[in-house]
Amino acid sequence: MTELPGNTIPDEGCINVGINTSGLPTTLGTAPGNARLYSVELIVDHTWNADLDISLTSPGGATRNLLLDKGGNGDDLGDPTNCPTAVLLLIDGGTATFPNNSNLTGSYAPEQTLAGFTGNPNGRWVLNVCDDQADDLGSLRYVRLNFCSVPQITASSSNSPVCASGTLDLSVTATGTAPLTYAWTGTGTYSPGASSATPTVTGPATGNYNIAVSNLCGSTNTDVA
């Protein structure tokens, strides 16, 4: 989901850049199996960053502000001389205060949360970049929308019941953006460990075992008898 448009931002004007997405889960949200817009990467070549207002519109028509007059008299969001690796990353939970640095890189919070987008993420997103003051000029050099999908457990099993001296075999299968991490809870000794998708447990006790599956997008869990 990347474009390298090189679009000139008109003085005291705006540009709109379309970004097409496909193949994602059809619902934005935090529930298992949902998609999330996890972060936005930007490189903007522009003198006087505080002149810029940047927003993003979803395929369903919802618009959220990413940046409004941030960065003071610094030049450039991201480093245009090191494209596409030196980006300004907008991510929920990022740093709230923007310094007046030139070639500003790092992780910062958007003006409005990315989690506020809802609906179907598949289709055409539109990035709107405006220069709201005279004299300073620039161009959009790079934009990337990073999506992930929340883990969804599709199957889980065990060979329960077993005797106290027996070995309990556990298994879970899940979908979601890799890498997935696994965390089993319940008594006994896990092999190769409680972070395996298919551990064996010696010394199991009565009661259910729980598996939590997580990634950068979220987590889900279920009990396994």
Side-chain angles (χ1 to χ4, degrees), residues 1-2 19-41 58-60 84-87 89-96 105-110 113-123 125 144-225:
M1 298 122 187
T2 306
I19 306 163
N20 294 319
T21 62
S22 61
L24 297 167
T26 57
T27 302
L28 286 163
T30 59
N34 284 177
R36 284 186 57 194
L37 175 57
Y38 180 69
S39 64
V40 178
E41 300 176 17
S58 71
T85 56
V87 301
L89 185 72
L90 298 174
I91 185 170
D92 292 347
T95 302
T105 59
S107 300
Y108 294 89
T113 63
L114 303 180
F117 281 112
T118 59
N120 189 337
N122 295 290
W125 294 74
R144 178 182 174 93
L145 306 184
N146 295 312
F147 292 88
C148 60
S149 57
V150 181
Q152 183 172 27
I153 294 172
T154 57
S156 60
S157 66
S158 77
N159 63 336
S160 177
V162 296
C163 296
S165 59
T167 299
L168 181 66
D169 298 322
L170 299 172
S171 176
V172 65
T173 303
T175 61
T177 301
L180 299 177
T181 61
Y182 305 91
W184 292 91
T185 54
T187 58
T189 301
Y190 291 81
S191 177
S195 60
S196 169
T198 56
T200 59
V201 183
T202 55
T206 58
N208 289 339
Y209 285 71
N210 184 270
I211 177 60
V213 184
S214 305
N215 65 4
L216 56 79
C217 205
S219 65
T220 187
N221 68 87
T222 191
D223 287 335
V224 181

Spacing of [X] atom [atom1] and [Y] atom [atom2] [to the nearest 0.5 Å]:
X	Y	atom1	atom2	answer
Leu114	Leu90	CG	CG	7.0 Å
Cys148	Tyr38	SG	OH	7.0 Å
Ser219	Ile153	OG	CD1	9.5 Å
Leu216	Leu180	CG	CG	9.5 Å
Leu170	Thr198	CG	OG1	9.5 Å
Ser39	Leu89	OG	CG	4.5 Å

Report task. Check each of Thr118, Asn120, Val150, Asn34 against Thr27 using the side chain to side chain contact (heavy atoms under 4.5 Å, CB included) test, and report the only one that passes. Result -> Asn34
Query raised in the report: Which of these passes side chain to side chain contact (heavy atoms under 4.5 Å, CB included) with Thr222: Ile211, Val213, Asn208?
Result: Ile211
Requested in this report: State, yes or no, whether a side-chain contact exists between Leu145 and Leu37 at a heavy-atom distance under 4.5 Å.
Outcome: yes
Query - Contact check, side chains of Pro204 and Val162, non-hydrogen atoms, under 4.5 Å - result: yes
Side-chain donor/acceptor of [X] to backbone N/O of [Y], under 3.5 Å:
X	Y	value
Ser191	Gly193	no
Asn122	Leu24	yes
Thr21	Pro121	yes

Report task. Determine, step by step, whether Trp184 and Val224 satisfy the side chain to side chain contact (heavy atoms under 4.5 Å, CB included) criterion, reporting the C-alpha distance in whole Å, the side-chain angles of both residues, the deciding distance to 0.1 Å, and the verdict. Result -> CA-CA 10 Å; Trp184 292 91; Val224 181; 3.9 Å; yes
Report summary line: Taken in chain and number order and not counting sequence neighbours, the residues that satisfy side-chain hydrogen bond (donor to acceptor under 3.5 Å, both in side chains) with Ser149 are Thr177
Requested in this report: Would you please name every residue forming a side-chain hydrogen bond (donor to acceptor under 3.5 Å, both in side chains) with Asn159, sequence neighbours left out?
Outcome: Asp169
Query - Derivation and outcome, side chain to side chain contact (heavy atoms under 4.5 Å, CB included), residues Trp125 and Ser58 - result: CA-CA 5 Å; Trp125 294 74; Ser58 71; 3.6 Å; yes
Report summary line: Pro25 and Gly33 have their tightest heavy-atom pair at CB-O, 3.2 Å
Query raised in the report: Taking all non-hydrogen atoms of both residues, which atom of Asn210 and which atom of Asn221 are closest, and how far apart?
Result: ND2-OD1, 3.3 Å
Requested in this report: Consider only side-chain N and O atoms of Arg144 and Asn146, and report whether a donor and an acceptor are under 3.5 Å apart.
Outcome: yes
Query - Results of ring pair (Phe, Tyr, Trp, His ring centres under 6.0 Å) for Tyr190 - residues two or more places apart only - result: none
